[in-house]
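Small disclaimer: the values here were computed from a predicted structure and weren't measured.
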Amino acid sequence: MSRSGVVVADESLKAFNDLKLGKKYKFVLYELNSTKTEIVVKETSTSDDYDEFLGKLPENDALYAVYDFEYELQAGEGKRSKIVFFAWSPDTAPIKSKMVYASSKDALRRSLNGVSTDIQGTDFSEVSYETVFEKVSRGAGSH
């Protein structure tokens, strides 16, 4: 349970494990339920299109997401993959929404074992492919 009293729904953990262990999804979007008491799955996707993922981030509301981020450091080195946790909270989101999401984040984040990188996004430049790639690939092998 978080400071805000919000709990993580079992389905949220199951979706994360399906992504991490089962490679069933490419990304999972999480939101607070209508009574703001539970973190639930908003949507899952198998799409490899990062732009499609970005298109799911609401312009005026907060949410959480987990993305199985695949990348290549250099040609021929093979693909790597890291699980990235996104706390999306655009400046245009309602203050109350931003506050509840901020105070509930730890409840979800602590229950997701195997996340390698955290991204806090308030605008699309902070969650762009290049920004995330730079963050996950930092210190990962030679240059």
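With hydrogens and angles left out, the side-chain atoms of Ser47 and Ser45 include no donor and acceptor closer than 3.5 Å. Glu70 and Ser81 form no side-chain donor-acceptor contact under 3.5 Å, judged by distance and modelled atom types alone. Side-chain contact check for Ser128 and Thr131: at least one donor-acceptor pair (N or O, by modelled atom type) lies under 3.5 Å.
Counting heavy atoms from C-beta outward, Pro90 and Asn60 have side chains that stay 4.5 Å or more apart. Annotation: side chain of Tyr67 is in contact with side chain of Tyr50 (closest heavy-atom distance under 4.5 Å). Taking the side chain as every heavy atom from C-beta outward, Val7 and Thr37 never approach each other to under 4.5 Å. Residues Val41 and Val28 form a side-chain contact, since some pair of their non-hydrogen atoms from C-beta on lies under 4.5 Å apart. In this structure the side chain of Val127 reaches within 4.5 angstrom of the side chain of Trp88, judged on heavy atoms. Residues Glu126 and Gln120 are not in side-chain contact: their nearest non-hydrogen atoms beyond the backbone lie 4.5 Å or more apart. At a threshold of 4.5 Å between non-hydrogen side-chain atoms, the residues Tyr64 and Arg109 do not count as touching. Between Leu63 and Lys42 the shortest side-chain heavy-atom distance falls below 4.5 Å.
Between Phe69 and Phe86, a ring centre-to-centre spacing not shorter than 6.0 Å is recorded.
Remark: side-chain polar atoms of Tyr129 are not paired, donor with acceptor, to backbone N or O of Asp51 under 3.5 angstrom. Panel note: side chain Thr92, backbone Glu59; a donor-acceptor pair is recorded below 3.5 Å. For Ser104 (side chain) and Tyr101 (main-chain N/O), no donor-acceptor pair under 3.5 Å exists by modelled atom type. Under a 3.5 Å cut-off, the side chain of Lys98 and the backbone N or O of Asp91 do form a donor-acceptor pair. Lys20 contributes a side-chain N or O that, together with a main-chain N or O of Asn113, makes up a donor-acceptor pair within less than 3.5 Å. With hydrogens and angles ignored, the 3.5 Å screen pairs no side-chain donor or acceptor of Lys26 with any backbone N or O of Asp48. A donor-acceptor pair under 3.5 Å is absent between the side-chain atoms of Ser89 and the main chain of Ala102, judged by distance alone. Proximity of a side-chain donor or acceptor of Lys24 to a complementary backbone N or O of Ala15 within less than 3.5 Å is not detected.
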(request) Evaluate the salt bridge (Lys or Arg N to Asp or Glu O under 4.0 Å) criterion for residues Glu43 and Lys56: first the C-alpha distance (whole Å), next the side-chain angles of each, then the deciding distance (0.1 Å), finally the verdict. (result) CA-CA 9 Å; Glu43 188 179 337; Lys56 303 279 185 185; 2.8 Å; yes
(message) For Asp10 and Lys14: C-alpha separation, side-chain torsions, deciding distance, then whether salt bridge (Lys or Arg N to Asp or Glu O under 4.0 Å) applies.
(response) CA-CA 6 Å; Asp10 290 343; Lys14 182 180 182 327; over 6 Å; no
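In this structure, CD in Glu11 is found 10.0 Å from OG1 in Thr44, a value given to the nearest 0.5 Å. Taken to the nearest 0.5 Å, the NZ atom of Lys36 stands 6.0 Å off from the OG atom of Ser97. To the nearest 0.5 angstrom, Asp68 atom CG is 5.0 Å from Leu19 atom CG.
The environment of Asp49 atom CG is dense: over 12 non-hydrogen atoms of other residues, nucleotides or ligands sit within 6.0 angstrom.
Of the residues listed (Leu112, Val136, Val115), the one engaging Ile83 in a side chain to side chain contact (heavy atoms under 4.5 Å, CB included) is Val115, and it is the only one.
Cluster annotation: Val40 and Val66 are assigned to distinct hydrophobic clusters (Ile/Leu/Val/Met/Phe/Trp/Tyr, side-chain heavy-atom contacts under 4.5 Å, transitive). Note on Ile119: it clusters hydrophobically with Tyr71, by side-chain heavy-atom contacts below 4.5 Å among ILVMFWY residues.
Residues Leu29 and Ala65 come closest through the heavy atom pair CD2-CB, 3.7 Å. Heavy-atom minimum distance, Tyr30 versus Ser12: OH-O, 3.0 Å. The two residues Phe124 and Leu57 have their closest heavy-atom pair at CZ-O, 3.8 Å. Contact detail for Ala93 and Ala62: the closest heavy-atom pair is CB-N, 4.1 Å. Minimum heavy-atom separation, Asp118 to Lys135: O-NZ, 3.0 Å.
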